[in-house]
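Atom set for the values below is all heavy atoms of this structure, side chains included, hydrogens, waters and symmetry mates excluded. Note that the coordinates shown come from a computational prediction; the quantities given were computed from them, not determined experimentally.
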Amino acid sequence: MRRWWAIGAKVSVLRGALALFALLALATPLAAAEPVDRDVAAALADIERFEQEFAGVAEVPAPTVNRTRRLLGLTRERLDGSA
């Protein structure tokens, strides 16, 4: 039997990571070059897609959480590379 608090903790970590990525994406200067704008727009689209994937879901399987965290890491690397 799964412990409800363990799954809730994973989801709250994911939400925290999503908030951090959104903050990083919005903190880029408005006068950024066009390629950077595309990278930020793509990262925001990724984050929005991940948020929709978990919207209203009480229990998320651990492999799904791990996959999403890995993909968010790639999104973070893409944002870091465009700065």
Side-chain angles (χ1 to χ4, degrees):
M1 181 175 189
R2 295 183 179 169
R3 293 192 171 108
W4 63 269
W5 55 268
I7 294 170
K10 289 178 184 176
V11 171
S12 68
V13 167
L14 179 64
R15 285 186 182 154
L18 289 173
L20 175 65
F21 290 129
L23 178 65
L24 289 173
L26 295 175
T28 57
L30 293 176
E34 201 170 294
V36 174
D37 289 342
R38 279 185 282 152
D39 289 341
V40 171
L44 287 174
D46 288 347
I47 292 169
E48 186 175 328
R49 183 172 43 93
F50 294 136
E51 287 176 342
Q52 289 174 355
E53 184 177 341
F54 294 109
V57 178
E59 231 179 86
V60 180
T64 302
V65 172
N66 291 333
R67 178 184 59 84
T68 302
R69 289 181 69 198
R70 215 173 29 251
L71 292 172
L72 282 170
L74 294 174
T75 300
R76 169 72 186 258
E77 288 176 16
R78 190 170 63 220
L79 281 174
D80 289 344
S82 67

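The line from CG of L44 to CG of L79 is 7.5 Å long, rounded to the nearest 0.5 Å.
With sequence neighbours excluded, the residues satisfying side-chain contact (heavy atoms from CB on, under 4.5 Å) with R67 are E53, T64, R70, L71. Residues satisfying the side-chain contact (heavy atoms from CB on, under 4.5 Å) criterion with D46, sequence neighbours excluded, are R49, F50, T75, R78.
For CD of E51, the number of neighbouring non-hydrogen atoms (other residues, nucleotides, ligands) closer than 6.0 Å is greater than 12.
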